2 protein chains.
Amino acid sequence: MPGRSRIPKPTAQRMSLYLRELEQRAAEGRRTVSSRQLGTAAGTTDAQVRKDLGSVAHVGRPGVGYDIASLTEAIRSLIGVVQPWRAAIVGAGNIGRALAAYRRFHDHGFEIAAIFDQQPGVVGARISGLQVRGMRDLKDVVAREGIRIGIIAVPPEAAQDVAQALVAAGVRGILNFAPRRLSVPDGVPTVDVDFRSALERLAFEVSDLEAEDA
Amino acid sequence: MPGRSRIPKPTAQRMSLYLRELEQRAAEGRRTVSSRQLGTAAGTTDAQVRKDLGSVAHVGRPGVGYDIASLTEAIRSLIGVVQPWRAAIVGAGNIGRALAAYRRFHDHGFEIAAIFDQQPGVVGARISGLQVRGMRDLKDVVAREGIRIGIIAVPPEAAQDVAQALVAAGVRGILNFAPRRLSVPDGVPTVDVDFRSALERLAFEVSDLEAEDA
DNA sequence: GTTTGTGAACCGTTTCACAGCA
DNA sequence: TGCTGTGAAACGGTTCACAAAC
């Protein structure tokens with residue numbers, strides 16, 4: 001029964017946005033937020049926020065709002081970000097390097113534990129404090145380092161092979177930056193990040209808007 | 001009446017995936033595809049594909065499928081990707097550089113026409129054949145180069161200011177890589193690409209799956 | 001007065017099922 | 001037989017509206 005999730009996917013997605021806002025407000029020293037404030041920050045309505053939070057934890061107090069600390073905790077545990085997820089990047093090209101350099105992940109429940117590449121010339125180099133390893137070490141390193149997430153940052157032609165190697169090595173989920181649909185076993189969720197699709201979405205919205213004006 | 005679009009957003013999003021598949025099949029020398037084939041490639045059902053394509057153009061032939069060439073053309077014009085969209089990157093950090101290097105955009109209706117940065121040390125440098133310009137040139141360059149899309153690749157703290165500058169300079173849409181919700185006028189669509197949200201989505205799906213097994 | 005929690009109504013998308021064409 | 005196009009039904013998420021709590 002795959003996909004029989006406790007909470008709707010759109011809700012889960014918005015949770016990330018709430019989390020972002022909660023952390024920012026916590027940093028500003030505040031203690032509570034209202035559903036309206038969260039909604040504005042996340043681009044939704046207050047009603048939507050209350051519905052979403054209803055499936056999480058009942059920490060809201062009428063007339064006051066939500067306690068930031070406990071709500072943050074509740075969302076973190078709901079979306080499974082309590083102790084850091086260890087991830088490996090495959091592909092030490094531009095995107096791989098940019099991701100490796102993005103140290104901020106670490107503060108938010110994710111940790112880049114290794115980076116791999118196929119090219120002999122690249123293996124052994126140091127990127128953001130990590131030594132690039134060859135693909136043949138994949139299985140070993142994934143096991144030894146407790147890596148659960150694989151990040152694919154290779155050219156589209158190689159993506160499917162890398163996906164298979166990652167699954168064989170034992171990762172539990174894949175973040176895919178290659179513009180290709182991966183075929184992986186049901187038990188391994190995949191999330192695609194596709195720049196081109198994002199640009200196309202934007203282009204569509206812009207031209208849609210321009211068409212309206214006519 | 002904003003958002004009164006001719007076609008549903010989910011449909012528009014899937015169009016990108018269809019396009020990807022169509023181009024690949026065209027490159028393989030094929031002439032037609034069935035709704036089932038497109039559906040498999042895009043992770044949907046054949047019925048969904050037919051519904052989606054119904055709002056585009058009637059080029060499907062029962063018993064045969066869709067003509068790849070004319071369907072590609074129809075989708076391109078529907079989502080507004082006929083002649084190249086010119087875009088500018090703001091932020092010559094890791095992500096900005098990775099995007100600038102991603103030459104493949106060019107083949108698919110998008111063109112990086114300029115890259116900007118604030119830091120004096122970076123301005124003037126060459127990145128992937130583009131000379132980095134200072135922010136003060138933004139308005140001029142956007143106008144002169146016919147830039148319609150702004151890509152934000154700066155730290156979150158700076159994102160809102162950059163967004164405002166881009167809007168003031170006249171861009172029609174913004175692709176935002178900073179993990180911050182931008183507030184921009186209604187007439188300027190924004191699409192967010194947030195690595196952290198993507199990772200959290202993945203983490204959620206993995207832990208959801210693991211919870212099921214219990 | 002403010003803000004939550006929630007059943008009920010609403011709305012848009014997805015799925016179904018089948019007639020019609022090649 | 002293979003596949004499209006499309007009404008109609010089913011589904012799931014969003015919005016509404018209001019009683020209850022502070």
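Labels below follow one simple rule: chain letters A, B, ... track the order of the sequence lines, proteins then strands, and each chain is numbered from 1. Predicted model only: the values in this text are computed from it and were never measured.
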- Side chains of B:Leu71 and B:Tyr18: closer than 4.5 Å at any heavy-atom pair? no

- Message: Rounded to whole Å, how long is the line connecting atom NZ of B:Lys9 with atom C1' of C:dG12?
- Response: 13 Å

- Query: Should A:Ser35 be listed as having a side-chain N or O under 4.0 Å from OP1 or OP2 of C:dT4?
  - Reply: yes

- Item | Length of the line joining A:Gln13:CD and D:dG13:C1', which is rounded to integer Å | 13 Å

- Message: Nearest whole Å is fine: how far is C:dT13 P from B:Ile7 CD1?
- Response: 10 Å

- Item | Distance, rounded to the nearest Å, where A:Met15 contributes CE and D:dG13 contributes P | 13 Å

- Task: Tell me, yes or no, whether the heavy-atom count around B:Arg144 atom CZ, taken from other residues, nucleotides or ligands under 6.0 Å, exceeds 12.
- Result: yes

- To the nearest Å, give me how far apart OH (B:Tyr66) and C1' (D:dC3) are. 9 Å

- Query: Base, sugar-phosphate alone, or nothing: which one does B:Gly60 contact when heavy atoms must sit under 4.0 Å apart?
  - Reply: sugar-phosphate

- Query: Is the side chain of B:Gln48 donor-acceptor paired with the backbone N or O of B:Thr45 at a distance under 3.5 Å, no angle test?
  - Reply: no

- Hey, does A:Gly65 reach any base, or is it just sugar-phosphate, or nothing, if we go heavy atoms under 4.0 Å? sugar-phosphate

- Task: Spell out protein contact along nucleotides 14-22 of chain D as letters: B when the base is contacted, S when just the sugar-phosphate is, - when no protein heavy atom is under 4.0 Å; keep the 5' to 3' order.
- Result: SB-B---BS

- What's the CG-P distance between B:Asp46 and D:dG5, to the nearest Å? 12 Å

- Once the angle between the rings of B:Phe177 and A:Phe195 is folded into 0 to 90°, is it parallel (under 30°), tilted (30 to 60°) or perpendicular (over 60°)? perpendicular

- Message: Distance check needed: D:dC3 C1' versus B:Arg31 CZ, whole Å only.
- Response: 20 Å

